There are 2 protein chains.
Amino acid sequence: MSKRTTINDIARELGLTSASVSRALNDHPRISVDTKKSVQAKALEMNYRQNKLASSLRSGKSHTIGVIIPSAQINFFGSVVHGIQNMASVNGYTIILYQSEENQALEQKAIETFLDARVDGILVSISKETTDYSHFVELKKKKIPLVFFDRNNESLKIPSVVIDDFKGAYRATAHLIEMGYRNIMHVTGAPHLKAFKDRLNGYKAAMADYKMPYSEASIYNGNISIESGKEAVDYFLSLETKPDAIFAVEDFSALGVMQRLKELKIIIPKEFGVIGFANESFGEYISPSLSTVDQQTVEMGKKSFELLLEIIENGVDDTSEENIILEPVLYFRESSRRVKLNQMAKY
Amino acid sequence: MSKRTTINDIARELGLTSASVSRALNDHPRISVDTKKSVQAKALEMNYRQNKLASSLRSGKSHTIGVIIPSAQINFFGSVVHGIQNMASVNGYTIILYQSEENQALEQKAIETFLDARVDGILVSISKETTDYSHFVELKKKKIPLVFFDRNNESLKIPSVVIDDFKGAYRATAHLIEMGYRNIMHVTGAPHLKAFKDRLNGYKAAMADYKMPYSEASIYNGNISIESGKEAVDYFLSLETKPDAIFAVEDFSALGVMQRLKELKIIIPKEFGVIGFANESFGEYISPSLSTVDQQTVEMGKKSFELLLEIIENGVDDTSEENIILEPVLYFRESSRRVKLNQMAKY
DNA sequence: CTGTTAGCGCCTTCAC
DNA sequence: GTGAAGGCGCTAACAG
């Protein structure tokens, strides 16, 4: 590894001081245009590249942010990271990636690592297993810029970027109603998760607003799996008033619903409508393709970085806890396409 | 941001020198157990955390590696990154992630960024659009540890971790033959890509070894898309000798094949077998589920990091260019499951 | 076994 | 506008 040229090297060549070279390279206001020119030329000629380590150590700014996701294997988070990294790169920031594997200890270790690396800020999607939030409280106390995305904890009062689950569910339900389905039921997930609760409420609100009948019996408590989607169908069809459409809390449940309906020779979307949530990658490729609600993952990543950057630049302000709520987008595919195409000009 | 405690602080408290404190903290051999103990205790008490920036600057080792992938949105790469980050974390390394977006300029920018950050090594999956490899040659000249994964360029003679495409294709084809299909044809992809060429050759070799008939007419030149899978079916069924099974170069083509066959009311797998390559996430959820060849993505990530670490520790050795070739794994699902279950004890 | 000294490469006062 | 000097926090070389 041959020695890299430093500002001292180019200072010596030009009969200047490293200080002036530094200033020239950093576009310092009080530096003559001439020396700036010559320094820049020399730097190019000598293949000079700034040592970020030294610069960061001295200036206290690393232009690096830490990102914690549960797993890079999960599509959703890969997509968010895509947005984050893009935006970071555009703004001259570098990202350190860490996976919590839904494990609190790893999440804490990630934060230690980030702190040791002197990151300028941290982006986190909280691990599911995290119950002790002291590491986040600690960051807040240290005034380290921090933004949660997708999964957050409201009691911590930390800025966040999330999707509007209520609105997404409301629209999904309203969509089924507008497609002409009349008896719409809902497969929900673990009720202690805010996202699922919001989706349930969105469903209820839409049903109420459109004056459609529903009761507690119209809701099946699943566990976000293909299997529970199938079980939901069995349950619903055992009821006296049977549904003609199902809004599932997420796509895997919706997939299970579709699979059982197909087994029972019930035709989708003619006899029965289905819509999911999350826009998982398989939805587009199954048949009929699955209507769903997209969670704006890339946008979430971009907005998260932007919000973090704002906090990094303007400082952590205790008084304003900004929470960005993204608009979910309905993906209208075959599984809910009951009306004929010529009737659907408005879509 | 309250001041962090440094080794000087704890040295002062203990009446020692920062040098001794540093040694104690780094488990230096020539340090008394007593001072080591007391220093560690004090460090804990004072909430000391090492400043990696300073340490890296001084020691020349950053314990950071750079990772370039085409896009975090692509499942395959998310999965590889999962493996890389896991392994890195276990070994005390931190990863900086960069996406090339299949763009040569961004790839070069990523390498500059990594060099500026003084990474200890770099992991790359080359961008598709990269035609000028000088940035990699430069790394080699600078003796920066470098390992390619999945996509590499053999003429560069750089260590790599890839999947054995030939073997995967051979097995997929052999599997169809063993399932009783007799007239197996192949949908290939862009022929200039090594992976696709290898898969084509694996197909041919299996056909030859099993003495099955095939000709150039048995091969359809597609463009790795659902559409080209459909077109392939149309082409194959126009032939005099029609196929009863298709091995597609990757899953999207296989999906197109299945969709067209279904449109034509040809029953899979009873009348027609299909197998793809890549184990895309949708394959498990379509019906019938798609048999495919898994590319060992997580393993690829882990092995890539391990190989890079070895090079970092033992130095770049011009003479030995290690290339790790991973065994692909056949995922035997419904689309090729022709024989009855009771005949399949061996699977 | 521990202290002294020096400096990694950069930036930031403070002078002039 | 530029130079001199110092130091960010740490580790390495050399003493002793």
Side-chain angles (χ1 to χ4, degrees), chain A residues 1-40 42-43 46-64 92 112-113 115-120, chain B residues 1-40 42-43 46-64 92 112-113 115-120:
Chain A
M1 188 139 21
S2 57
K3 254 193 149 29
R4 285 176 147 246
T5 80
T6 72
I7 49 172
N8 292 301
D9 297 333
I10 101 159
R12 202 181 316 114
E13 289 277 322
L14 256 39
L16 286 171
T17 316
S18 61
S20 295
V21 176
S22 172
R23 283 189 269 249
L25 259 14
N26 291 311
D27 242 355
H28 190 94
R30 278 198 323 228
I31 192 90
S32 80
V33 184
D34 282 0
T35 54
K36 203 184 290 185
K37 280 250 161 69
S38 68
V39 165
Q40 282 165 349
K42 203 69 183 172
M46 296 179 77
N47 250 311
Y48 171 78
R49 296 246 93 217
Q50 188 194 47
N51 184 329
K52 291 281 182 200
L53 252 31
S55 167
S56 301
L57 177 61
R58 183 64 240 256
S59 68
K61 279 231 54 183
S62 65
H63 285 274
T64 297
E112 297 271 277
T113 305
L115 255 24
D116 294 354
R118 298 296 191 274
V119 297
D120 292 340
Chain B
M1 185 136 28
S2 58
K3 253 194 148 31
R4 285 176 147 246
T5 81
T6 72
I7 49 173
N8 292 301
D9 298 334
I10 99 159
R12 202 181 318 112
E13 289 276 321
L14 257 38
L16 285 171
T17 316
S18 62
S20 295
V21 175
S22 172
R23 282 189 270 250
L25 258 15
N26 290 312
D27 242 355
H28 190 94
R30 277 195 325 226
I31 193 92
S32 80
V33 184
D34 282 0
T35 54
K36 202 184 292 185
K37 281 247 161 68
S38 69
V39 165
Q40 282 166 349
K42 203 68 183 172
M46 297 181 75
N47 249 311
Y48 171 76
R49 296 246 91 218
Q50 189 195 46
N51 184 328
K52 292 279 183 201
L53 252 30
S55 168
S56 299
L57 177 60
R58 182 64 240 249
S59 69
K61 280 231 56 185
S62 65
H63 285 274
T64 296
E112 297 270 278
T113 305
L115 254 24
D116 294 354
R118 298 297 193 272
V119 297
D120 292 341

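In this text the structure is predicted, and so the values were computed from the model without any measurement.
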* Is the shortest side-chain N/O distance from B/Ser20 to OP1 or OP2 of C/dG3 below 4.0 Å? -> yes
Could I get the full list of side-chain hydrogen bond (donor to acceptor under 3.5 Å, both in side chains) partners for [X], not counting sequence neighbours?
X       : result
A/Thr6  : none
A/Ser32 : A/Thr35
A/Asp9  : A/Arg12
A/Asp27 : A/Lys36

Pull out every protein N or O sitting under 3.5 Å from an N or O of nucleotides 9-13 of chain D, one pair per line with the distance.
unit_1, atom_1, unit_2, atom_2, d
D/dG9, N2, B/Ala54, O, 3.4
D/dC10, OP1, B/Tyr48, OH, 2.3
D/dC10, OP1, B/Asn51, N, 3.2
D/dC10, OP2, B/Ile7, N, 2.7
D/dT11, OP1, B/Gln50, NE2, 2.9
D/dT11, OP1, B/Ser55, OG, 3.3
D/dT11, OP2, B/Ser22, OG, 2.7
D/dT11, OP2, B/Asn26, ND2, 3.3
D/dT11, O2, B/Arg58, NH1, 2.3
D/dA12, O4', B/Arg58, NH2, 3.4
D/dA13, N6, B/Arg23, NH1, 3.3

* Compute the bend angle of the helix from C/dC1-D/dG16 to C/dC16-D/dG1 from the end axes (five pairs per end), rounded to 10°. =>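 Rounded to the nearest 10 degrees, the bend comes out at 30°.
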Name all residues meeting the side chain to side chain contact (heavy atoms under 4.5 Å, CB included) criterion together with [X]; count only those two or more places apart in sequence or in a different chain, and write none if there are none.
X       : value
B/Lys42 : B/Ile10, B/Glu13, B/Leu14, B/Glu45, B/Met46
A/Lys37 : A/Val33
A/Ser56 : A/Ser62, B/Leu53

Using a 3.5 Å cut-off and no angle test, enumerate the donor-acceptor pairs between side-chain atoms of residues 18-25 of chain B and protein atoms at least two apart in sequence or in another chain.
unit_1, atom_1, unit_2, atom_2, d
B/Ser22, OG, B/Asn26, ND2, 3.4

* Looking only at heavy atoms, which two atoms of B/Tyr48 and B/Ile7 are closest? And how far apart? -> OH-CG2, 3.5 Å
* **Length of the line joining B/Leu16:CG and C/dT4:P, which is rounded to integer Å** => 11 Å
* To do: Identify, residue by residue, the members of residues 28-39 of chain B with a heavy atom below 4.0 Å from DNA chain C, and return them in order of residue number, or none.
  => B/Arg30, B/Ile31, B/Ser32, B/Thr35
* Any salt bridge (charged side-chain N to carboxylate O under 4.0 Å, His left out) pairs touching residues 51-63 of chain A, not counting sequence neighbours? ->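 The answer is A/Lys61-A/Asp120.
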